[in-house]
Number of protein chains: 2
Amino acid sequence: MQEGAQVIAGVQGAMSPQQLIGALVKKGELTDPASPRGRLLNAAARLFEQKGFSRTTVRDLAAEVGILSGSIFHHFSSKEQILCEVMKEVTIFASARMRSAVEQAASPQEKLRACIQSELEAIHERAVPGFSILVMEWRSLSDKSQKEVLLLRDEYEQIWLDAINSAHCPGGDATVVRRLMVGALSHTYSWFKVRENGLTIPELTDRAYQIFAPKI
Amino acid sequence: MQEGAQVIAGVQGAMSPQQLIGALVKKGELTDPASPRGRLLNAAARLFEQKGFSRTTVRDLAAEVGILSGSIFHHFSSKEQILCEVMKEVTIFASARMRSAVEQAASPQEKLRACIQSELEAIHERAVPGFSILVMEWRSLSDKSQKEVLLLRDEYEQIWLDAINSAHCPGGDATVVRRLMVGALSHTYSWFKVRENGLTIPELTDRAYQIFAPKI
DNA sequence: TTGAATACCAAGCGCTTGCTTGGTAGCGTT
DNA sequence: AACGCTACCAAGCAAGCGCTTGGTATTCAA
C-alpha cells in the first residue's frame, strides 16, 4: 500500500486533487479539509475569491460553515490571519500541483506549457480554490504576513523561472517575463468562464503559449 | 497664441497632460480639477489607487481635500458614485491620451507600441492618476455603474483592438490578446516602480512589445 | 437690499464591523 | 466518576462606517 502510494506519487500528474491534498495533509503541510479549521479555510478561500476580502465579513464566513461569528476566533486570532493562512495553503498546494505537472512534461517547451496550463487550471477549475486571491488580495495582507507568504511563494515562482529560462522566451530576463505573465493569466479570472461554450482551458493555454513562447 | 495652441493640438502627442485636460474640460467632458468636485475626484483617484476603494473612508477623502466628511455628500450622492465618476473621467482622459499617441505613430507596429507605452505611462507616470483603479476596483462597482463605465471603456478598447488587428499579433483573435495584455500591463502596477534605477517605461514597453508583437 | 445658489460645518444617527467574554455540551482518557 | 480538551453558543462591546440633518458664511445677480 505504502509502496503503491509511492509509485503513484512518483507519477504525480496522475494523482487526483484529492489524492494530492491527502498526501500533503499526511505530511503536515496542509490542514485537513475535514477538520473545523480546514472547513473554515476552504470556505474563506471561496468567499474571498468571490466577494473579495474586505467585502467578506466574519459573519458571512461563519454562516458558510454553520457556526456563529464569534466561534471563528476559537480557530484564528484575526480575520487577517485567516487570509494569511488561506494564502499559505493555496500556495503550498499550487506548488505541489505545478511541480508534478512540470515533472511530467518532457521538453522545455512542454514544461512551460505545463506551467501555463497548471496556473490556468488553478484559477478556473476547482483545482486550487482561492488561487486568484494570491494576486488580487495581496494588499490586504500586513507586511508581516506578506513576508510569510512570500517565503512559500518563492518556491512556486522558481518553478516558473526555470521553465521560462529553459524555454528561451523572448522579452528579456525571466523575472520580467514571468511578471507580465502572472498579470495576464491571473486577470483571466475576471473574463474567462469555463462553462461558456467558447474557449476551453487547453485552448486558452495555447493562446498564451503562442504569445509568450519563442516563435520559430 | 491661439493658432499656436491649435498647431500643438494638431500634433496632440506634443500636448502636455495639463493642456489635454484643459481642452477636455473646455469641451465639458471632464470636471475642472480646480473646482471642489474636481479636487475631490483627483484625491479619490489617488486614494483609491493607493489604498483600495473599500479601505478608503469618506473621512480619509475629506481630510485629503481639507473638508469634513459630511460635506462630500454635497457633491456626490454616495461613495460608490465617487468611484464611478472617477472611473468615467479616468477612462475619458486615457482614451484621449492614447488616441493622440496612436495618431502620431506611422506604422501599425508603431501604433501598437504607442498603445503599450501609453497604457504603461497611464499606470506609472502621473499621466493618468487612478488608471489602475479601472482594473483593480471593477468589482466594487454596482451593475448599473459598471454599465455606465463600460460605454466609455468600449471606445478605449476599440483603439486597442484596431492596433492589435493591424499589427497582426499572434495568439488568436484580438479580443483574447487584448485581455491577456491588459492583465499583463495593469499588473505592472504592483511590481514596476519608475524611480528605481532599473527598467524605464520605454524599456518595459519594449519587453512587452517583444512578447506580444509578431516576431519576424 | 434682497434672494438664491454654492460650499461647507457641527453634530450625530443607525448600522455594521472585527472581536471579546463567560459559559456549556460532548467526548475520550484515566 | 472526574477530568480536561475541543468546539461551539449567547450576548454584546467599542470602534468605525456611510450618510443625514439643520444651519451658516460667502458670493453674486437682480
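For the numbers below, each heavy atom of this structure counts, side chains included, while hydrogens, waters and symmetry mates do not. Lettering follows sequence order; numbering is per chain, from 1.
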Quiz item: Can you find a heavy atom in the side chain of B:L40 that is under 4.5 Å from one in the side chain of B:I82?
Solution: no

Return the value, rounded to whole Å, for the distance between atom [atom1] of [X] and atom [atom2] of [N].
X     : N      : atom1 : atom2 : value
A:K79 : C:dG18 : NZ    : P     : 4 Å
A:D32 : D:dA7  : CG    : P     : 11 Å
A:L68 : C:dG22 : CG    : P     : 18 Å
B:F73 : D:dT20 : CZ    : P     : 7 Å
B:L83 : D:dG18 : CG    : P     : 13 Å
B:H74 : C:dA10 : NE2   : P     : 16 Å
A:R55 : D:dC17 : CZ    : P     : 16 Å
A:H75 : D:dC5  : NE2   : P     : 17 Å

Quiz prompt | Most 5' of B:L40 and B:G70 on DNA chain C, judged by nearest nucleotide | solution = B:L40

Quiz item: Does A:S69 or B:T56 map to a spot on DNA chain D nearer the 5' end, using the closest nucleotide for each?
Solution: A:S69

Quiz item: Knowing that exactly one of B:K51, B:R55, B:K79 qualifies, which makes a salt bridge (charged side-chain N to carboxylate O under 4.0 Å, His left out) with B:D60?
Solution: B:K51

Practice problem: Please work out if B:S71 contacts a base, only the sugar-phosphate, or nothing of the nucleic acid, heavy-atom cut-off 4.0 Å. | Solution: base

Quiz item: Does the distance from a Lys or Arg side-chain N to an Asp or Glu carboxylate O, for B:K144 and B:E148, drop under 4.0 Å?
Solution: yes

Quiz item: Could you walk me through whether B:T205 and B:T200 pass the side chain to side chain contact (heavy atoms under 4.5 Å, CB included) check?
Solution: CA-CA 8 Å; B:T205 303; B:T200 64; over 6 Å; no

Self-check item: Presence of donor-acceptor pair under 3.5 Å, side chain of A:S78 and base of C:dC19
Solution: no

Quiz item: D:dG16 base to B:R59 side chain: any donor-acceptor pair below 3.5 Å?
Solution: no

